[in-house]
Trainee: 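This is the structure, below, for whatever I ask next.
Just so it is clear, the structure is predicted and the values come from calculations on it, not from any experiment. In what follows, every chain begins at residue 1, and chains take the letters A, B, ... in the order their sequences are listed. Below, each value reflects all heavy atoms present in this structure, side chains not excepted, and no hydrogens, waters or symmetry copies.
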Amino acid sequence: MDVLLQTLLNGAAAGGVYALVALGYTLVFSVLGVINFAQGALFSLGGYLTYLLMGGHISVSGGLPGWGLPIALPFAAALLLAAAGAALLSLLVERLAFAPLRRRNAEPLLSLITSLGAGLVLVNLLQLLMGAEGYAFPAGSLAGLPAVVSLGGARIRSVQVLLLLICAAVVLLLTLWLEGSRGGRALRAVAEDPTTARLLGIDSDAMVRLAFLLSGALAGLGGGLVGVSVSLPGPYFGIGYGLKGLTVLVLGGLGSVPGAIAGGLLMGLAEAMVPSGASGWRDALAFAILFVVLLLRPTGLLGRRLVEKV
Amino acid sequence: MDCRAVQRHAVQRHASDSGRSTDAMIDHGLLVQMLIGALLGISVYLPLMAGQLSLATPAFYAVGGTLAALLSTRWAALGASADGRFPLPSFLLEVLLGGVLAGLLALLVGRLVLRLQGIYLAIATIALVEIVRVAILNLPLAGGAIGIFAIPQPFANAAGYLLPALALLALAAWSCQRLESMPLGRAMAAIRADELAARCMGIDTTATKLSAFVLSAVLAGSTGALAAHFLNTWNARQGSFDVSITTLAFVILGGSRSWLGPVMGGLLLTALPELLRPVGDVRLVLFGLVILLGPVLFPQGLITPALLERIGGFGRQEAQG
Amino acid sequence: MRRCSAGLAAAIGALVLIGQQSDPAAQRIQQGGALTIGAVIALTGNANLYGQDQRLGINLAQRWFDGRPRTAGSPAPPRLRLQLEDGGSDEATAIAGFNLLINGGALALIGPTLSQQAFAADPIAQRLGVPVVAPSNTAQGIPQIGHYISRVSAQSSVIAPLSLEEALRRDPSIRRVAVFYAQDDAYSTAETEIFQEALAARNLNPVTVQRTQLADNDFQTPITAALQRNPQLVVISVQAVAGGNLIRQLRELGYRGQIVVGNGLNTPNIYPICQRWCDGILIAQAYSPDLDTPINRTFLRLHQGVNPEQPPSQMTAQAFTAYQVLAEAITRLQQQGRLQGANLGQARSRLMQELLSGSYDTPLGPIRFRADGEVLQDRFFVAEVRMQPDGRRGRFALVRDLSLASKPATSPPERGSP
């Protein structure tokens, strides 16, 4: 029983983050039908921004050794500001890597490469500025929180619980907003059918920018949250989460918000269930599941719309 | 602060030193790597001829390379000598076998994945690449993370690899060129234009797509076998998600309307990070900028249909004159 | 189309011709001219954390060598020029870096950073007869690539069992051992093999072996799985930041027993990650900042000028040593007049001979080379991490300083032979 509960907890903790990353992809995909490969780099950026906003300093191997912002915000404020920063950068990515192609009606395939280039630039700039070593958030980031919570014999780090709760809250808010608000409905209308949306007087370009803004904020939030849990292991750390998020995105069905959440949790659970003896195969499992699901349901678990030919 | 001085010192030194050797920057070793890039570019281009965005090339490349690495280091009958030399016929046999094994694998997998469309196919093939990577990592024979090393050499130096790599490239290019005037190639073009219409015209779309997929895998497998010897060592990292995306970039930047596009893309993008060495620490930032801006400036790639037409047109004019 | 292909063929042909260059090995060494030491290390990609420590070490060594006081009357030391190239974290970039430096006339090379890269690039140097000193390759079989390949990074075979011994000495009742290692990292897999063999030799079969990936930093799942087997000792072989996270999460999730970690964690980089949870872990070291010798004090002083906050990492010390042994061997060669009139090829070959025959007093302690290029290091250390109460700073406190000098000089270390 304990073992089962522990597995569920482990899976949920990992899956929450996967879902958050996948949601970032989903928003952009649903309005543009393309994947933004810069998402992983924005994830890294969110982590580093949170670190700097909390008063962290650049190490000696960075581009500006010893430099730090003259402020030291509490974790929550830094996290929100970092998410805003990542959102702005996401807008810039849209401007540079997506907008020019859209204006020329170029093949959507091209934006895979341009966004990859944007991510490459971002990660390498981060490395030049911050150096390659790991950074831990200043002590007392989560002061007052016990290190671990126990639930009926199962133990989980409280930062993981916090992470899961924040992920759940963000996902809930986002869903409510998409369903209930004017802006959310407009976004969904563009995702559903851009032409009709335009006829209805919705500015589809503005909605695209909104989608990038939101997905950048999600990436930044994810980076900051994972950063407080496992520190910042180097500028490339977001890329791994980006790849995982990509599989979750497709597993759940491209462009489907509930699909991204279900896919994330499923992936986290499946990985948590891999027995120790087979731990070497854990990384392949996510992809194997994806592979099988795609063969059974060629548009993912909860996906419906078929993508245009590339 | 002192540190910055050291680093600036190092960077300046680095920049000034590298300047001296720019004249010899494309050496034979890099040229072989560029040719390998071009071969992988064609491998991604082949399924695209039939409108299928498959990123499975690195998986087949890894399979071919692992096979060659295993055979040449474990199978004494191939004739690897104690001083690390390897008979040329055995090397050619491996290149052939690498292609065959990858082709067989593609035949098996292709039936399953080619039912998927567009981006779903792309992601499923990325999944395949990662599954193959982890499988090779866990394969006890393949040496785990360290991989297989001391792969025997059929040639005395990198220049020796130029000939087989060029021959393979010429063969691949010739096949692509021939394909365009063959029924299979026309069927592929029809599917790329409109899959549904192609099926209505009586084209066996499944068989056509599968053929393109298998051809792509054969080329990638053979290239892997060649690369394993060239690199002296082989490990699971050789076929990964990164390679999937890089090879796709070859096709996109080069142009996806003719085999010349991926060849140019493969040659240029493989050489670029090396040619950017004189700029020092920011070279990968610049490389990223090229990848970011390339498709924006050349949405149809470097080798565009218009360009091809113009070249073809000039050719005709001259022939008339 | 045909024209296009013809043009392409011509372009490739031209490149083949351009690539054809005169062999620098035939060029004469300029009397009094600068001699080039090339270095190919990972400044980009996943291994750049190692690479930046190595760049620092090499730069410090260069400063040390150029700034050494001249004794009156002694011949002028050789002028050395360092050319540092990014070897990336992949094989192809390392090969390109080696080719570039060899064609540019480097006398000797330092690098590459990863063992997998060494297996790709070292054979090229070997074929062309260019001496290579590896600062950080620990996989089996590196010096055996050939005569010209050597390393200053001792294999884990010598060091790793020492820290296990220390843990067992502290608690002889240990029966249940859990092993963690990064399965896709050559450094860690080479090391865990040694750890696991050392455990087996003591009849301690691991109760669980958890394989992680290089990119993993959240170890909730493997840790809870391992803790269900109630281990009394945890043995870890992963890279630095991941290791810091692993230790921290182990402690947070309630593990109270001893932790032994491998060489990959021998860097102050882990302190900020695992903070107060680092306290008490045992680590085997190929380099200890506590080593009290003149050269190590000099090294520490130079390092402090650059990074006053932290002591140097093992990677930095080993990279320093790689440059140092080359610089000293070249100096001896020049003082014996053996570079006079030699061409580059001959100079490279003589340098290799000289390199292997010398003995060196380095920050790592006294070292020599076996005939095949394997390092023979006399002193190893077992340290215990002691963190300050604030949990931000700590140090590797020396527990045991093991001198292997008593062993016969020629005896190959157990299993370290390949």
Trainee: Considering only heavy atoms and a distance below 4.5 Å, find which of A/G134, A/P233, A/A147, A/G240 pairs most often with chain C.
Mentor: A/P233
Trainee: Relative to chain A, which of C/P222, C/G45, C/A240 shows the most heavy atom pairs under 4.5 Å?
Mentor: C/G45
Trainee: Counting heavy-atom pairs under 4.5 Å with chain C, which one of A/N124, A/V148, A/I239 comes out on top?
Mentor: A/V148
Trainee: Applying salt bridge (charged side-chain N to carboxylate O under 4.0 Å, His left out), name anything that partners A/R157, two or more places apart in sequence or on another chain.
Mentor: C/E252
Trainee: Taking heavy atoms only and a threshold strictly under 4.5 Å, list by residue number the residues of residues 263-277 of chain A that touch chain C; give 'none' if the list is empty.
Mentor: A/E271, A/A272, A/S276, A/G277
Trainee: Taking salt bridge (charged side-chain N to carboxylate O under 4.0 Å, His left out) as the definition, give me every residue that meets it alongside C/E91, ordered by chain and number, with sequence neighbours left out.
Mentor: B/R237
Trainee: According to the interplanar angle, ranging from 0 to 90°, do the rings of A/Y135 and A/Y48 count as parallel (below 30°), tilted (30 to 60°) or perpendicular (above 60°)?
Mentor: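 Taking A/Y48 first and then A/Y135, their aromatic rings stand perpendicular (interplane angle over 60°).
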Trainee: Less than 4.5 Å to any heavy atom of chain A: does that hold for the side chain of C/R248, its backbone, both, or neither?
Mentor: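 For C/R248, the side chain is the part near chain A, not the backbone.
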Trainee: Under a 3.5 Å distance rule, please check whether C/Y287 uses its side chain to pair with a backbone N or O of C/P312 as donor and acceptor.
Mentor: no
Trainee: Determine the sole option in A/Y25, A/Y241, A/Y18, A/F37 for which the ring pair (Phe, Tyr, Trp, His ring centres under 6.0 Å) test with A/F43 is passed.
Mentor: A/Y241
Trainee: Of the backbone (N, CA, C, O) and the side chain (C-beta and beyond), which part of A/F237 lies under 4.5 Å from a heavy atom of chain C, both, or neither?
Mentor: neither
Trainee: If I compare all heavy atoms of C/S188 with all of C/A182, which pair ends up nearest, and what's the gap?
Mentor: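 Heavy atoms of C/S188 and C/A182 come nearest at CB-O, 3.7 Å.
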Trainee: Non-hydrogen atoms of chain A under 4.5 Å away: do they reach the side chain of C/Q228, the backbone, both or neither?
Mentor: side chain
Trainee: Which atoms of C/N245 come close to chain A, meaning under 4.5 Å heavy atom to heavy atom: side chain ones, backbone ones, both, or neither?
Mentor: side chain
Trainee: Would you compute the distance between atom OG of A/S44 and atom CG of A/L42 and round it to the nearest 0.5 angstrom?
Mentor: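 Here the interatomic distance stands at 9.0 Å.
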Trainee: Mind ranking C/I223, C/T44, C/V209 by heavy-atom pairs under 4.5 Å with chain A and telling me who comes out on top?
Mentor: C/T44
Trainee: Sort A/Q127 into side chain, backbone, both or neither according to what part of it lies under 4.5 angstrom from a heavy atom of chain C.
Mentor: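 Just its side chain gets close to chain C.
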Trainee: Using a distance-only test with no angle check, is there a side-chain donor-acceptor pair under 3.5 angstrom linking A/Q160 and C/D218?
Mentor: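 Their side chains do contain a donor-acceptor pair, which is all the 3.5 Å distance test asks for.
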Trainee: Go through the steps to decide whether C/F219 and A/V230 satisfy the test side-chain contact (heavy atoms from CB on, under 4.5 Å), and finish with yes or no.
Mentor: CA-CA 9 Å; C/F219 299 102; A/V230 302; over 6 Å; no
Trainee: Over all heavy atoms of both residues, which pair between C/L214 and C/D185 is shortest? Give the atoms and the distance, please.
Mentor: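 Scanning both residues completely, I find the closest heavy atoms to be CD2-CB, 3.5 Å.
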Trainee: For C/V234, is there any backbone N or O sitting under 3.5 Å from a side-chain donor or acceptor partner on C/Y255?
Mentor: yes
Trainee: Of all of C/N269, C/D216, C/D184, which one pairs up most often with chain A through heavy atoms under 4.5 Å apart?
Mentor: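 So the answer, after comparing C/N269, C/D216, C/D184, is C/N269.
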Trainee: Mind ranking C/L49, C/N48, C/N46, C/L227 by heavy-atom pairs under 4.5 Å with chain A and telling me who comes out on top?
Mentor: C/N48
Trainee: Can you name the ring-ring contact (aromatic ring centres under 6.0 Å, His included) partners of C/Y271, sequence neighbours left out?
Mentor: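 C/Y271 satisfies ring-ring contact (aromatic ring centres under 6.0 Å, His included) with C/F396 once adjacent residues are dropped.
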Trainee: Below 4.5 Å from any heavy atom of chain C, which atoms of A/L9 appear? Answer side chain, backbone, both or neither.
Mentor: neither
Trainee: Check whether C/Q183 gets within reach of chain A through its side chain, its backbone, both or neither, counting any heavy atom under 4.5 Å.
Mentor: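 Side chain only.
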